Amino acid sequence: MKSMRSWSTQRMQDEALVHGNWMASTLSVNLDKDDTLDGIPPVKKPRKLLPSLKTKKPQELVLVIGTGISAAVAPQVPALKSWKGLIQALLDAAIDFDLLEEEESRKFQKGLQEDKNLVHVAHDLIQKLSPRTSNVRSTFFKDCLYEVFDDLESKMEDSGKQLLQSVLRLMENGALVLTTNFDNLLELYAADQGKQLESLDLTDEKKVLEWAQGKRKLSVLHIHGVYTNPSGIVLHPAGYQNVLRNTEVMGEIQKLYENKSFLFLGCGRTVDDTTFQALFLEAVKRKSDLEHFMLVQRGDVDEFKKLRENMLDKGIKVISYGNEYADLPDYFERLTSEISVRDRTGLPRGGQLNGSSTAHTEIKEGAAPEHLPLS
């Protein structure tokens with residue numbers, strides 16, 4: 001009787017063990033199929049920050065703001081998304097104001113559709129909207145610009161403001177800022193925060209020189225001009241020969257690319273831009289020895305690898321901030337926070353170490369190392 005009871009007990013234990021293993025196996029399989037638990041998606045692991053970038057001091061950086069940033073700040077404004085979008089918006093405004101004959105309108109539309117040299121198309125359109133009569137420049141071009149960029153303040157989105165806040169924070173800590181964009185979104189955002197930024201263009205050599213020397217840090221250099229000053233808009237190096245011929249100004253500008261680290265944001269083809277090349281690249285030797293950075297969306301793997309390879313000879317490290325454009329604001333905010341807390345020695349303010357090679361050299365012999373936070 002006792003052996004029967006023992007056998008029965010053993011069988012119940014074996015069945016319980018098998019049942020428990022089955023339940024665990026089932027749970028494991030279900031978790032493998034779906035990483036969510038009770039409908040809650042897993043926390044997205046933040047992308048790591050590149051050590052050679054996050055250890056930069058703000059005053060070592062020149063931020064280059066491209067079309068991608070403006071498009072992210074105010075995505076419902078077509079003129080901010082691309083050169084083609086801007087020219088189309090100007091053309092639409094010119095047509096609405098009866099500034100073009102029907103034949104002229106068709107000619108410009110054809111040029112856009114055939115995707116010809118957009119700089120030439122834009123140049124011809126600007127010339128058409130800015131005829132000179134008795135040395136008095138018509139204001140029609142200005143009217144079209146103001147129509148295209150009307151009420152930008154109300155069209156900014158929160159994620160875009162997050163980007164601008166990060167740029168503004170780096171500026172206040174010593175970073176220089178230049179842009180290829182015609183809009184003044186950064187200046188408008190700063191004004192809303194109670195801070196005054198100055199818009200510069202290449203027509204004022206004295207101010208450009210001071211900007212390059214770090215004497216006008218709360219100024220944004222618009223290398224193509226800004227819509228609020230139509231006379232300063234240039235699309236080709238021939239439009240600012242005054243700067244190109246000024247050896248002092250050009251010397252200071254080109255020293256920036258040699259001595260500082262450029263951080264390209266929202267820039268697709270900026271380094272191919274003729275204005276950017278004339279200012280920063282053409283006279284600089286051994287560019288591959290320099291250290292600049294470009295933040296891009298990961299996207300297509302082959303395209304990403306190709307871009308990375310193409311940028312190396314210009315001294316530019318291409319870094320992915322994530323697989324989606326929506327990843328950029330948080331990534332850049334983390335990067336900005338890491339950079340902005342550094343003092344002029346390169347260490348975090350207050351002496352806290354961050355685990356970089358520079359920080360390790362500061363640990364005194366015999367002293368207990370402080371906590372090294374992970375990035």
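Quick caveat, the model's predicted, so the values are computed rather than measured.
At a threshold of 4.5 Å between non-hydrogen side-chain atoms, the residues Leu163 and Ile69 count as touching. Leu112 places a side-chain heavy atom less than 4.5 Å from the side chain of Lys84. Between Val243 and Met250, some side-chain heavy-atom pair lies under the 4.5 Å cut-off. A heavy-atom distance below 4.5 Å is not found between the side chains of Ile319 and Val296. Counting heavy atoms from C-beta outward, Trp211 and Leu256 have side chains that approach closer than 4.5 Å. Taking 4.5 Å as the limit, every side-chain heavy atom of Phe280 sits out of range of all side-chain heavy atoms of Asp273. Within the 4.5 Å cutoff, no side-chain heavy atoms of Met156 are placed close to those of Asp192. You'll find the side chain of Gln297 stays beyond 4.5 Å of the side chain of Ser320, heavy atoms only.
In this structure, CG on Leu200 lies 11.5 Å from NZ on Lys206, to the nearest 0.5 angstrom. Distance check: Tyr227 OH to Ser199 OG gives 9.0 Å after rounding to the nearest 0.5 Å. How far CH2 of Trp83 is from NE2 of His224: 5.5 Å, rounded to the nearest 0.5 Å. Taken from OG in Ser82 to CG in Leu80, the straight-line distance is 10.0 Å, to the nearest 0.5 Å. Between the CD atom in Glu157 and the CD atom in Gln162 there is a gap of 12.5 Å [rounded to 0.5 Å]. How far CD of Gln196 is from OG of Ser219: 10.0 Å, rounded to the nearest 0.5 Å.
Ring centroid separation for the pair Tyr257 and Phe262 comes in under the 6.0 Å cut-off. Less than 6.0 angstrom separates the ring centroid of Phe264 from the ring centroid of Phe276.
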Per-pair distances, 0.1 Å, donor-acceptor, side chain in residues 178-185, under 3.5 Å, sequence neighbours excluded:
from, atom 1, to, atom 2, distance (Å)
Thr179, OG1, Ile65, O, 2.8
Thr179, OG1, Asn181, N, 2.9
Thr179, OG1, Asn181, ND2, 3.4
Asn181, OD1, Thr67, N, 3.3
Asn181, ND2, Gly66, O, 3.0
Asn181, ND2, Ser70, OG, 2.9
Asp183, OD1, Ser70, OG, 3.4
Asp183, OD1, Leu185, N, 3.1
Asp183, OD2, Ser70, OG, 2.7

What donor-acceptor contacts under 3.5 angstrom involve side-chain atoms of residues 88-100, with partners at least two apart or in another chain?
from, atom 1, to, atom 2, distance (Å)
Gln88, NE2, Asp92, OD1, 2.9

Would you list the atom pairs, donor with acceptor, under 3.5 Å between side chains in residues 305-314 and any protein atom, with sequence neighbours excluded?
from, atom 1, to, atom 2, distance (Å)
Arg308, NE, Val318, O, 3.2
Arg308, NH2, Val318, O, 2.8
Asn310, ND2, Lys306, O, 3.3

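Within the 3.5 Å criterion, the main-chain N or O of Asp151 finds a donor-acceptor partner in the side chain of Ser154. Under a 3.5 Å cut-off, the side chain of Asp327 and the backbone N or O of Glu324 do form a donor-acceptor pair. Side-chain N or O atoms of Ser337 include one that pairs as donor or acceptor with a backbone N or O of Glu333 at under 3.5 Å. Arg334 contributes a side-chain N or O that, together with a main-chain N or O of Arg47, makes up a donor-acceptor pair within less than 3.5 Å. In this structure, Lys81 contributes its side chain and Ala72 its backbone to no donor-acceptor pair below 3.5 Å. Judged by distance alone, the side chain of Gln113 and the main-chain N or O of Lys110 form no donor-acceptor pair under 3.5 Å.
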key: side chain to side chain contact (heavy atoms under 4.5 Å, CB included) evaluation trace for Leu335 with Leu53   = CA-CA 8 Å; Leu335 177 63; Leu53 175 55; 3.6 Å; yes

Criterion side chain to side chain contact (heavy atoms under 4.5 Å, CB included) on His292 and Lys260, from CA distance to verdict = CA-CA 8 Å; His292 303 292; Lys260 291 184 179 286; 6.0 Å; no

task = Just do the salt bridge (Lys or Arg N to Asp or Glu O under 4.0 Å) check on Glu210 and Arg216 with the steps written out, would you?
result = CA-CA 6 Å; Glu210 292 173 347; Arg216 306 185 81 90; 2.6 Å; yes

query = Can Leu263 and Phe332 be said to form a side chain to side chain contact (heavy atoms under 4.5 Å, CB included), step by step?
reply = CA-CA 11 Å; Leu263 176 56; Phe332 189 47; 4.0 Å; yes

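For the pair Lys56 and Glu338, the salt-bridge criterion is not met [side-chain N within less than 4.0 Å of a carboxylate O]. With respect to Glu172 and Lys217, no salt bridge is recorded, no charged nitrogen being found less than 4.0 Å from a carboxylate O. Between Glu103 and Arg106 there is a salt bridge, since a side-chain N of the basic residue sits under 4.0 Å from a carboxylate O of the acidic one.
Around atom NZ of Lys128, no more than 12 heavy atoms belonging to other residues, nucleotides or ligands sit under 6.0 Å away. More than 12 heavy atoms of other residues, nucleotides or ligands lie within 6.0 Å of CD in Gln76, so this atom counts as buried by the packing criterion.
Across Leu265, Leu50, Ile316, Val64, a single residue satisfies side-chain contact (heavy atoms from CB on, under 4.5 Å) together with Phe293, and that is Leu50.
With hydrogens and angles left out, the side-chain atoms of Ser261 and Glu60 include no donor and acceptor closer than 3.5 Å. No hydrogens or angles considered: nothing links the side chains of Thr270 and Asp272 as a donor-acceptor pair under 3.5 Å. Side chains of Tyr189 and Gln165: a donor on one and an acceptor on the other come within 3.5 Å. Between Ser52 and Lys317, the side chains place a donor N or O and an acceptor N or O closer than 3.5 Å (distance only, hydrogens not considered).
Here Lys107 pairs with nothing under the side-chain contact (heavy atoms from CB on, under 4.5 Å) rule; sequence neighbours left out. In terms of the side-chain contact (heavy atoms from CB on, under 4.5 Å) criterion, residue partners of Glu252 (sequence neighbours excluded) are, by chain and number, Leu209, Ala212, Gln213, Lys255.
Sorted by first then second residue, the ring-ring contact (aromatic ring centres under 6.0 Å, His included) pairs that include residues 301-321, not counting sequence neighbours, number zero.
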